[in-house]
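Inspection log for the structure reproduced underneath, given as structure tokens.
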Amino acid sequence: MARLLRGAPVAEALTGQLAARVEGLRHRGATPTLAIVRVGARAADLSYERGATKRCAAAGIAVRGLALPADCDQGELMAVIERVNADDAIHGCLLLRPLPDPLDESAACAALSPAKDVDCITGESLFGVFANRPVGFPPCTAEACVQLLDHYGHELTGASVVVVGRSLVVGRPVSMMLQARDATVTMCHARTRDLAVVCRAAEIVVVATGHPGTVGTDAVAPHQTIVDVGINWDDGLGRLCGDVAFDEVEPIVGAITPVPGGVGSITTAVLAKHVVEAAERAIG
Ligand code: NDP
């Protein structure tokens with residue numbers, strides 16, 4: 001039976017580590033503050049906003065919800081982002097995406113000040129991840145994967161890691177972050193030949209494809225660690241599932257994240273950490 005790598009203890013440890021830093025900021029007259037910009041009222045956005053707000057409250061971070069109607073125009077959205085940029089009391093900003101049509105998401109993302117970009121939506125933050133420099137912040141989900149591996153004591157230096165998926169939100173940034181930690185990273189995608197063979201050879205496999213069952217029993221080996229980033233709805237089972245065939249894979253591998261309750265439950269804690277760090281950078 002595999003060791004279950006649950007996200008909750010990681011999130012709690014991360015949140016706990018923030019208390020002293022938040023206190024330090026308060027002593028210096030600053031309350032770390034996150035702005036959450038939401039357009040419309042999609043259930044997924046509302047749910048993430050609730051989770052982020054709760055996590056921030058637990059960490060002593062203030063949250064300002066800035067909601068716009070679903071039919072707002074680009075000018076109104078840009079004005080809100082400009083207001084966030086100009087407000088010294090706001091240290092980080094989360095823009096809930098995808099934005100409804102016909103809003104120009106790229107323009108909205110590019111307009112955010114990189115210093116307040118706590119979830120890597122600007123080109124500057126992405127450059128920071130790829131160049132391993134402290135410009136902006138990495139995507140919360142990508143960092144959640146690294147935090148999880150660190151928390152459970154997985155040695156990254158020299159480890160062979162396969163990342164399945166190459167999106168700019170998860171696959172590519174997590175590959176870069178693991179490489180920055182001296183892992184030997186192979187990035188796979190939908191056109192990778194013999195995916196199962198490539199995966200079986202790795203010590204750690206990170207899966208972020210958006211397709212349930214991308215990694216099954218043929219792609220895993222004993223002693224491996226499997227990090228499943230996927231969040232999918234399984235109509236047949238009537239519940240969430242990941243991108244890994246958990247029930248079949250779990251008896252074979254050494255350690256695996258559950259879905260739900262794995263990587264996804266760490267992202268808001270990473271977000272809170274980024275807001276605190278943004279506040280620390282802002283006040284110098
Ligand atoms: P994208 O659709 O943007 O990217 C999917 C990637 O997976 C692509 O690079 C694609 O390859 C690759 N891929 C698709 N099918 C296969 C396959 N059969 N074999 C190998 N590679 C494949 O998805 P995201 O990166 O945005 O999200 C991935 C998953 O992570 C989703 O389930 C999503 O819900 C979840 N997610 C979870 C978050 C969390 O907080 N836990 C946050 C963000 C995402 P190619 O480039 O060749 O098309």
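Both ligands and their constituent atoms are indexed starting at 1 by order of listing. All values derive from a computational prediction rather than experimental measurement.
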Counting only heavy atoms not in Arg133, do more than 12 fall under 6.0 Å of its CZ?
no
Tabulate below the donor-acceptor pairs under 3.5 Å that side-chain atoms of residues 64-81 make, not counting sequence neighbours, or state none.
unit_1: Arg64; atom_1: NH1; unit_2: Asp87; atom_2: OD2; d: 2.9
unit_1: Asp73; atom_1: OD1; unit_2: Gly75; atom_2: N; d: 3.1
unit_1: Asp73; atom_1: OD1; unit_2: Glu76; atom_2: N; d: 2.9
unit_1: Gln74; atom_1: OE1; unit_2: Asp104; atom_2: N; d: 2.7
unit_1: Gln74; atom_1: NE2; unit_2: Asp104; atom_2: O; d: 3.1
unit_1: Glu76; atom_1: OE1; unit_2: Asp73; atom_2: N; d: 2.8

Taking atom NE2 of His223 as the centre, does the number of heavy atoms from other residues, nucleotides or ligands within less than 6.0 Å exceed 12?
no
Are there any N/O pairs under 3.5 Å between ligand 1 and the protein, and if so, what are their distances?
unit_1: ligand 1; atom_1: 9 (O); unit_2: Arg166; atom_2: N; d: 2.8
unit_1: ligand 1; atom_1: 11 (O); unit_2: Ala190; atom_2: N; d: 3.1
unit_1: ligand 1; atom_1: 21 (N); unit_2: His189; atom_2: O; d: 3.4
unit_1: ligand 1; atom_1: 21 (N); unit_2: Ala190; atom_2: N; d: 3.2
unit_1: ligand 1; atom_1: 25 (O); unit_2: Ser167; atom_2: OG; d: 2.5
unit_1: ligand 1; atom_1: 32 (O); unit_2: Ile231; atom_2: N; d: 3.1
unit_1: ligand 1; atom_1: 34 (O); unit_2: Ile231; atom_2: O; d: 3.2
unit_1: ligand 1; atom_1: 40 (O); unit_2: Thr141; atom_2: OG1; d: 3.2
unit_1: ligand 1; atom_1: 46 (O); unit_2: Arg166; atom_2: NE; d: 2.7
unit_1: ligand 1; atom_1: 47 (O); unit_2: Arg166; atom_2: NE; d: 3.4
unit_1: ligand 1; atom_1: 47 (O); unit_2: Arg166; atom_2: NH2; d: 2.8
unit_1: ligand 1; atom_1: 47 (O); unit_2: Ala190; atom_2: N; d: 3.1

Who are the side chain to side chain donor-acceptor pair (under 3.5 Å) partners of Glu105, not counting sequence neighbours?
none
4.5 Å side-chain heavy-atom contact, Thr141 and Val263:
yes
Considering residues at least two apart in sequence or located in another chain, which fulfil the side chain to side chain donor-acceptor pair (under 3.5 Å) criterion with Asp119?
none
